[in-house]
Amino acid sequence: MNPTTLIWIALLPLLAAILAGLGGRWLGRTGAHLVTIAGVAASCALSFGVLRDVYFGGAQPFDGPVYTWLVSDGLRMQVGFLIDRLTVLMMVVVTFVSLCVHVYTIGYMRDDPGYTRFFSYISLFTFSMLMLVMSNNFMQLFFGWEAVGVVSYLLIGFWYTRPSAIFANLKAFLVNRIGDFGFVLGIAGIAYFTHSLDYRDAFAAAPHIAQAQLALGSTSANALTLICICLFIGAMGKSAQVPLHVWLPDSMEGPTPISALIHAATMVTAGIFMVSRMSPLFEYSEGALSFVLVVGATTAFFMGLLGVVNNDIKRVIAYSTLSQLGYMTVALGVSAYNAAMFHLMTHAFFKALLFLAAGSVIIGMHHEQDMRKMGGLARYMPVTAVTCWIGALALIGTPFFAGFYSKDAIIEAVGESHRWGATYAYWCVLCGVFVTALYTFRMIFMTFHGPERFREAAGHGHDHGAHAHDHGAAGPGETQHEPDVSHGGDHVPHESPWVVTLPLIALAIPSVVIGAMTVGSVLFGGYFGRSIFVLPANNVVGKVGEEFTGWLGAALHGFAAAPFWLALAGVLTAWVFFLWRPALADAAARRFGWLKNLLDHKYYFDWFNENVVAPLTRGLGIALWKGGDQVLIDGALVNGSAATVGWFGSVVRRVQSGYLYSYAFWMMIGLAVMLGWFLFRAQH
């Protein structure tokens with residue numbers, strides 16, 4: 001495997017981002033999107049070439065340094081690549097979805113004054129994710145980890161004159177700093193025990209670390225369990241697991257293309273990939289895996305419920321992302337790493353499809369996002385409607401669609417596990433199937449079917465503060481334009497241009513077929529080989545594989561399984577409550593007002609953070625500033641030491657008077673003291 005090819009795969013999106021960002025004024029809008037699309041397309045083509053070599057050509061995995069940055073006390077900090085089947089899967093998914101998003105952006109952002117800046121950012125985002133997944137050491141992993149965080153901060157707050165966007169990107173930044181603190185501690189623990197930052201050394205030392213204990217005050221904890229939990233806390237931030245999930249719904253303040261990129265193939269999948277890559281560490285810690293399992297199960301079920309009451313089309317899909325990330329995390333917790341990665345791959349296609357379809361709806365509705373002001377759009381936007389239906393069917397796990405093969409495998413794997421927390425997790429993911437179908441088809445029915453509520457909404461005008469519109473801020477030297485949010489009689493919904501619908505079709509195809517095409521090899525056929533490590537006693541996927549005989553057998557098996565009937569019940573419930581008898585939904589909301597209030601307030605996580613955590617943090621900061629900085633450091637240590645030296649100098653100055661008799665007097669005093677001391681010692 002040629003290292004030069006690997007370098008170009010990572011660097012081409014970076015070079016394109018630099019050209020579009022620094023040379024956008026000279027390249028112009030067309031030049032900016034051409035150079036970034038060309039860079040990502042070339043990276044995607046090369047990634048498929050590497051997949052061909054690794055999987056079909058039998059090429060050996062590449063694991064080696066590319067550039068040594070620093071050597072300190074024997075600890076090597078370097079840029080290096082580990083290209084195996086796990087890495088190649090991520091490379092192909094990241095670059096393909098990113099390419100679709102780049103093309104889609106031409107149509108979606110065509111009227112935005114920050115056009116070239118946006119293309120620069122999303123290309124830089126792709127580079128950051130590639131550096132993360134291609135790394136062979138913790139230093140480069142952390143570089144990519146932080147880089148996707150920085151670029152997501154820029155993209156979520158892309159329209160930076162909107163206060164809501166600035167609040168959202170600061171929230172994402174701060175929540176991820178909490179997770180990253182744990183991540184750094186985990187990496188420090190690895191370096192402490194192995195004196196290395198290379199994956200190879202860490203994995204080889206895992207059985208030894210599993211026997212070590214770390215002192216925690218008066219008690220101790222298993223070293224590997226503590227390290228793995230710290231690493232997973234980092235994943236909780238990036239992959240938005242409870243309670244570090246609160247930033248993800250607010251990331252919808254960014255433009256829709258970046259919502260698709262963040263939620264489908266880049267930032268939020270980084271945590272799932274990282275834990276899968278660290279499977280040789282996690283496999284030796286039952287405690288850490290149970291922690292992962294319970295957190296993922298809680299996220300999968302309870303975050304899905306929030307999608308049932310939300311009316312913003314993008315936020316409904318965002319809560320779906322939270323729930324599906326929970327499914328992947330549950331799979332990690334039962335050692336079904338290949339099932340987690342399989343669901344990551346299928347989810348990337350249909351979730352990107354759903355987000356881009358939502359963006360197409362927003363374009364057709366002239367930047368309206370409230371589903372209560374939609375309805376009947378299938379007549380006006382047939383391509384968007386059909387592709388969105390495909391994404392929805394894949395999401396709920398309909399047999400023969402991509403999501404079925406990956407989601408059902410996770411549920412079956414959890415059912416086979418005997419790990420602590422597996423029973424709780426099984427009921428969460430099983431009930432989550434009904435919830436997923438309910439909020440997904442609530443969105444489908446409210447958006448594309450039923451009465452055309454947008455006409456009534458146009459007649460009553462719009463509350464511009466009710467929700468965030470997908471346009472707004474201008475960059476330096478850019479002119480800000482007001483978005484067109486009217487869609488009265490002269491502004492009926494319309495189908496999006498081909499640069500928007502073409503990526504929808506490109507993503508709809510794998511959303512249907514990729515599961516059936518790859519389930520045999522990726523999930524049960526040993527595709528990952530040695531890139532994922534599972535102890536024989538923990539191999540629940542092997543047990544599940546006995547019930548799946550090919551893609552057709554798996555689909556037919558699905559018709560008889562509980563998840564299919566729960567999904568069907570969810571679809572029927574959505575049809576009854578939101579299409580056939582909408583009054584029933586209002587009656588249910590009144591009857592269970594306490595539950596709706598709880599869900600509307602998102603379990604009060606935001607309230608708790610803003611009214612408890614934030615004031616306590618500010619109070620602690622003020623106490624450290626006033627008491628620690630001003631009183632102790634400035635007052636006692638700095639100014640106090642200076643005052644002490646000044647006082648002592650003033651005393652000594654009196655001794656140094658310049659008079660001979662004064663010096664003779666002090667000499668006599670000194671001799672008397674010395675004589676007294678000697679006499680005292682002589683007597684004792």
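Sequence positions, counted from 1, serve as the residue numbers for this chain.
- For the atom pair OH (Y327) and NE2 (H347), the distance works out to 11.5 Å, reported to the nearest 0.5 Å.
- In this structure, a donor-acceptor pair under 3.5 Å is absent between the side chains of Y405 and T346.
- Donor-acceptor pairing under 3.5 Å is lacking for the side chains of T36 and S123.
- Between H343 and F350, the ring-plane angle classifies as tilted under the 30° and 60° cut-offs.
- For an aromatic pair to be called close, the ring centres must be under 6.0 Å apart, and H263 with F355 satisfies this.
- Under the 30°/60° scheme for interplanar angles, the aromatic rings of H33 and F119 are found to be tilted.
- Under the 6.0 Å distance and 45° angle rule, R85 does not count as a cation-pi partner of Y55.
- Taking the six-membered ring for Trp and the full ring otherwise, F138 and Y199 have centroids separated by under 6.0 Å.
- Aromatic ring centres of F454 and Y380 lie closer together than 6.0 Å.
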Between Y153 and W247, is a ring pair (Phe, Tyr, Trp, His ring centres under 6.0 Å) present by the stated rule, with each step listed? CA-CA 11 Å; Y153 170 84; W247 67 271; over 10 Å; no
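- Summarising the geometry of L6 relative to V50, their closest heavy-atom pair is CD2-CG2, 4.2 Å, with the distance given to 0.1 Å.
- For the pair R76 (side chain) and V71 (backbone), a donor-acceptor distance under 3.5 Å is absent.
- Relative to the six-membered ring of F173, R177 meets both conditions, a distance below 6.0 Å and an angle of at most 45° to the axis.
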